Amino acid sequence: MTDFFDTVSEPVSFAGRRAGLGQLAYRVYDPDRQVMGRRMEDHLRIAVCYWHSFNWPGSDIFGHGTFDRPWLEPGQDPMAAARAKQDAAFEFFEKLGMPFYCFHDVDMAPEGADLNESRANLDTMVERAAEKMEATGVRLLWGTANLFSHPRYAAGAATNPDPEVFTHAAAQVRHMLEATHRLNGANYVLWGGREGYETLLNTRLRQEADQLARFLTMVAEHKHKIGFTGTLLIEPKPQEPTKHQYDYDCASVHGFLDRYDLVDDFKVNIEVNHATLSGHSFHHEVAYAVDNGIFGSVDANRGDPQNGWDTDQFPNSVDELSLALYEILRGGGFTTGGFNFDTKLRRQSMARDDLFWGHIGGIDTLARSLLVAEAMLADGAIEQARADRYARWDSGLGAEILKGDVDLAALADQAVADGLDPQPVSGRQERLENEVNRIIWSTPN
């Protein structure tokens, strides 16, 4: 360990109820605790993100950076700064005790004057990262290429009207996918932050959809060509920075993948704050992905309900996350995915150890939510209510309809002949909400 975080002398450990006031310790997260036959760490597969934690100075559109990040100061040798950043990052990963991390290419290595220099910089830093991973045991949950920050991508990468921009993006993704493979990454993420439009006046929607599909097809082909066995993930978001993003939500992504025969090649990486920006709950997006076989991974954070933008705050609601974790456990849990903390400190949280406090609180929230989700499954009230509600589709008329044994005319004739006048049945929403609260309140840490 290096000593950038010199006020944290030892790795953060589980203390439970023994944790004292102001002690950097986990109150709930116990990596080795058994939950449904698996270690808690293996259920949650938590990762720290490189970008918000180490590549953001704490700036916003109204003010300069407020954070103490010496490697981001101007006038330095870019590669020397990248090494200092990487040293601090792996010190943090190790002291926090997390098994994974995630990064964009330009988070870890500075862009060069051209693609060749950029590739060389990334290769150097990836080789160094591999050494640190070997020394610390920290693994790569996923890698990705930044195809949204540079001005060349103002009109998108894969959906850009200029095929040369498309080609540049292809070169960047190829190299980052290969770097992820070299680091034994479990997944590779594509987030289309600029794959959308600002105005329809200058946009061909079908053209851009075809371009995006062609790009994704080439990525999937290259994955197989190089032998990368990780999962390819698309991260939905409705808008910001563009007015409208094509990967709006899980259903939009699913429809797009199905339309272009890519549904077997990609799954989704769901961010909590993106889900709420799209007008859905995080619970909804996870349930949709699980039920439709496209669930892959999660970016754990939260938004502020008073703000209409992506605030990327640390998660702190067991009520919200336990429902999503219930659906994840119901679907069998993560395979290659996990919970990446795509989170950033508030600009006034300037102390170096604030980064520990933010992550520890969010990690304990996830751990507590996992325990509640386990209790919900064991209790069975929710699944029993769902089974009872749809029971009449399992036999008789319902089964005949789903099997295709009757057509529209036959059903219409039967309705008339039987004098059907079905009456509504209570959905029991309030009762089920009370059942959820009962389990949340009664589940011990």
Side-chain angles (χ1 to χ4, degrees), residues 1-14 24-26 29 31 41 44-58 67-73 76-110 120-146 176 179-189 230 299-300 314 338-345 351-360 362-363:
M1 298 184 192
T2 55
D3 57 359
F4 179 75
F5 296 100
D6 55 3
T7 61
V8 182
S9 58
E10 297 180 356
V12 179
S13 60
F14 171 71
L24 282 174
Y26 296 114
Y29 179 70
E41 177 180 291
L44 298 176
R45 294 171 59 85
I46 296 172
V48 177
C49 82
Y50 217 95
W51 50 100
H52 291 322
S53 299
F54 304 101
N55 210 43
W56 177 55
F67 295 162
D68 178 16
R69 303 290 186 265
W71 50 82
L72 298 180
E73 294 295 328
Q76 302 181 67
D77 172 72
M79 290 298 286
R83 289 189 292 271
K85 183 199 310 180
Q86 191 176 74
D87 288 343
F90 275 88
E91 177 194 356
F92 181 77
F93 303 156
E94 191 174 14
K95 286 183 174 178
L96 191 66
M98 288 301 100
F100 294 100
Y101 75 105
C102 302
F103 75 102
H104 301 82
D105 48 0
V106 297
D107 299 332
M108 185 174 285
N121 289 346
L122 183 60
D123 286 342
T124 298
M125 296 307 299
V126 163
E127 182 178 351
R128 197 170 185 268
E131 294 171 358
K132 288 185 173 292
M133 291 166 66
E134 178 70 23
T136 62
V138 178
R139 293 165 284 166
L140 180 63
L141 185 65
W142 51 258
T144 187
N146 182 323
M176 187 56 195
T180 300
H181 183 35
R182 292 200 302 276
L183 292 172
N184 295 314
N187 309 270
Y188 184 85
V189 167
D299 273 8
F314 286 89
F339 281 101
N340 169 49
F341 270 68
D342 187 358
T343 48
K344 57 188 179 185
L345 295 169
R352 292 183 181 183
D353 66 358
D354 284 333
L355 197 60
F356 283 90
W357 285 110
H359 281 86
I360 289 169
I363 290 164

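Since the structure is predicted, the reported quantities are computational estimates derived from the model, not experimental observations.
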note = Distance col, row Phe67:CZ vs Leu355:CG, nearest 0.5 angstrom, shows 8.5 Å
query = Looking only at heavy atoms, which two atoms of Asp354 and Leu345 are closest? And how far apart?
reply = O-CD2, 3.4 Å
ask   = Are Phe103 and Leu140 side-chain neighbours, meaning at least one heavy-atom pair lies under 4.5 Å?
value = yes
request  = Please report the shortest heavy-atom distance between Met98 and Ile46, naming the atom on each side.
outcome  = SD-CG2, 3.3 Å
query = Rounded to the nearest 0.5 Å, what separation is found between the NZ atom of Lys132 and the CG atom of Asp87?
reply = 4.0 Å
query = Would the number of heavy atoms belonging to other residues, nucleotides or ligands and lying under 6.0 Å from CD of Glu127 be above 12?
reply = no
request  = With the side chain counted from C-beta on, respond yes when Lys95 and Asp353 share a heavy-atom pair under 4.5 Å apart, and no when they do not.
outcome  = no
inquiry  = For Asn340 versus Asp299, what's the shortest heavy-atom pair and its separation?
reply    = ND2-OD1, 3.1 Å
remark   = Closest non-hydrogen contact found for Tyr50 with Ala89 is CE1-CB, 3.9 Å
key: Min side-chain heavy-atom separation Pro99-Arg139 under 4.5 Å   = yes
task = Give the ring-plane orientation class for Tyr101 versus Phe90, where under 30° counts as parallel, over 60° as perpendicular and anything between as tilted.
result = perpendicular
query = What class does the angle between the rings of Phe5 and Phe54 fall in, given that below 30° is parallel, 30 to 60° is tilted and above 60° is perpendicular?
reply = perpendicular
ask   = Where do Phe92 and Phe356 land on the ring-ring contact (aromatic ring centres under 6.0 Å, His included) test, with the steps shown first?
value = CA-CA 8 Å; Phe92 181 77; Phe356 283 90; 4.6 Å; yes
query = Measuring from Cys49:SG to Leu141:CG, what's the distance to the nearest 0.5 Å?
reply = 11.5 Å
query = Do Lys85 and Asp107 sit within salt-bridge range, that is, some charged N less than 4.0 Å from a carboxylate O?
reply = no
request  = For the pair Arg352 (side chain) and Phe4 (backbone), establish whether a donor and an acceptor sit closer than 3.5 Å, ignoring hydrogens and angles.
outcome  = yes
task = For the residue pair Arg182 and Asp123, establish whether any side-chain heavy-atom pair is separated by less than 4.5 Å.
result = yes
ask   = How about Pro110 and Met79: do any of their side-chain heavy atoms sit closer than 4.5 Å?
value = yes
request  = Apply side chain to side chain contact (heavy atoms under 4.5 Å, CB included) to Thr180 and Asn187, showing your working.
outcome  = CA-CA 8 Å; Thr180 300; Asn187 309 270; over 6 Å; no
query = Can you check whether Pro70's main-chain N or O pairs, donor with acceptor, with Gln76's side chain at less than 3.5 Å?
reply = yes
Main-chain N/O of Asp105 paired with Asn146 side-chain donor or acceptor, under 3.5 Å = no
request  = Please step through side chain to side chain contact (heavy atoms under 4.5 Å, CB included) for the pair Thr144 and Cys102, ending with a clear verdict.
outcome  = CA-CA 8 Å; Thr144 187; Cys102 302; over 6 Å; no
remark   = d(Glu131 CD, Thr136 OG1) to nearest 0.5 Å is 11.5 Å
query = Distance from Asn55 atom CG to Lys344 atom NZ, nearest 0.5 Å?
reply = 12.5 Å
Residues in side chain to side chain contact (heavy atoms under 4.5 Å, CB included) contact with Ala109, at least two apart in sequence or another chain = Asn121, Leu122, Met125
query = Considering only heavy atoms from C-beta outward, does the side chain of Asp342 approach that of Trp51 to under 4.5 Å?
reply = yes
ask   = How close do Val189 and Trp142 get, heavy atom to heavy atom, and via which atoms?
value = CG2-CD2, 3.3 Å
request  = Indicate the atoms forming the closest heavy-atom contact of Met176 with Ala145, along with that distance.
outcome  = CG-N, 3.9 Å
task = With rounding to the nearest 0.5 Å, note down the distance linking NE2 in His359 to CD1 in Ile363.
result = 6.5 Å
